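Let me begin by presenting the structure, written as structure tokens, before commenting on it.
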Amino acid sequence: MKLEVRTGVQERSAKRIAFVKSAIEDVLSHTLDRIDGMTVSLAPQHRRAGDEIDCRISAHVTGRGTVVAATRSGSVYEAVNDALRKLARGLAHTRGKRFARRRGSLRTLEPNLPE
């Protein structure tokens, strides 16, 4: 799996990259074999009310296309964890849709199956 991490701040970026890699391995360990590549983008948002971090994660999944999750939070750790949680739900949702389509097409081919 190819992983690209983009950070807006160059200082401490090695620590952030290591954190992102370990978080991905922990949260998405059951689906890493189906993911071709991932792009993680961390960008600070400087606003009057306080600094926030935008996190956008896109996963390129074999046979399913691209699944994207984005969050905004007060810390890098919260933003990455929330985005990974959303991405995991999105991956499960696309998997469920694929199997539902497959079951639906089988039912239309077999008219004798009960509904």
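By convention here, the first residue in the shown sequence is residue 1. What you see is a predicted model; the values in this text were computed from it and never measured.
- Atom CD of Glu52 sits about 10.5 Å away from atom OG1 of Thr71, to the nearest 0.5 Å.
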Could you go through the side-chain contact (heavy atoms from CB on, under 4.5 Å) check for Val5 and Arg16 one step at a time? CA-CA 9 Å; Val5 179; Arg16 287 184 181 184; 5.9 Å; no

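- Residues in residues 24-33 take part in no salt bridge (charged side-chain N to carboxylate O under 4.0 Å, His left out) pair, two or more places apart or across chains.
- A salt bridge does not link Glu4 to Lys2: none of the charged nitrogens lies less than 4.0 Å from a carboxylate oxygen.
- When side chains are defined from C-beta on, Ile53 does not count as touching Val80, because their heavy atoms never get closer than 4.5 Å.
- Distance CG/Asp54 to OG/Ser73: 10.0 Å, rounded to 0.5 Å.
- Counting only residues at least two apart or on different chains, the salt bridge (charged side-chain N to carboxylate O under 4.0 Å, His left out) pairs with a member in residues 76-85 are Asp82-Arg85.
- The shortest heavy-atom contact between Phe19 and Val76 is CE2-O, 4.4 Å.
- Nearest approach of Ala83 to Ala69, heavy atoms of both residues: O-CB, 3.4 Å.
- Atom CG of residue Leu84 and atom CZ of residue Arg89 lie 11.5 Å apart, to the nearest 0.5 angstrom.
- Expressed to the nearest 0.5 Å, how far CZ of Arg6 lies from CD1 of Ile17 amounts to 12.0 Å.
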What donor-acceptor contacts under 3.5 angstrom involve side-chain atoms of residues 35-43, with partners at least two apart or in another chain?
{"unit_1": "Asp36", "atom_1": "OD1", "unit_2": "Thr62", "atom_2": "OG1", "d": "2.8"}
{"unit_1": "Asp36", "atom_1": "OD2", "unit_2": "Thr62", "atom_2": "OG1", "d": "3.2"}

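- For the pair Ile57/Val67, no side-chain contact is recorded, criterion being any heavy-atom separation below 4.5 Å from C-beta on.
- Val68 and Leu32 are members of different hydrophobic clusters when ILVMFWY side chains are connected at heavy-atom separations under 4.5 Å.
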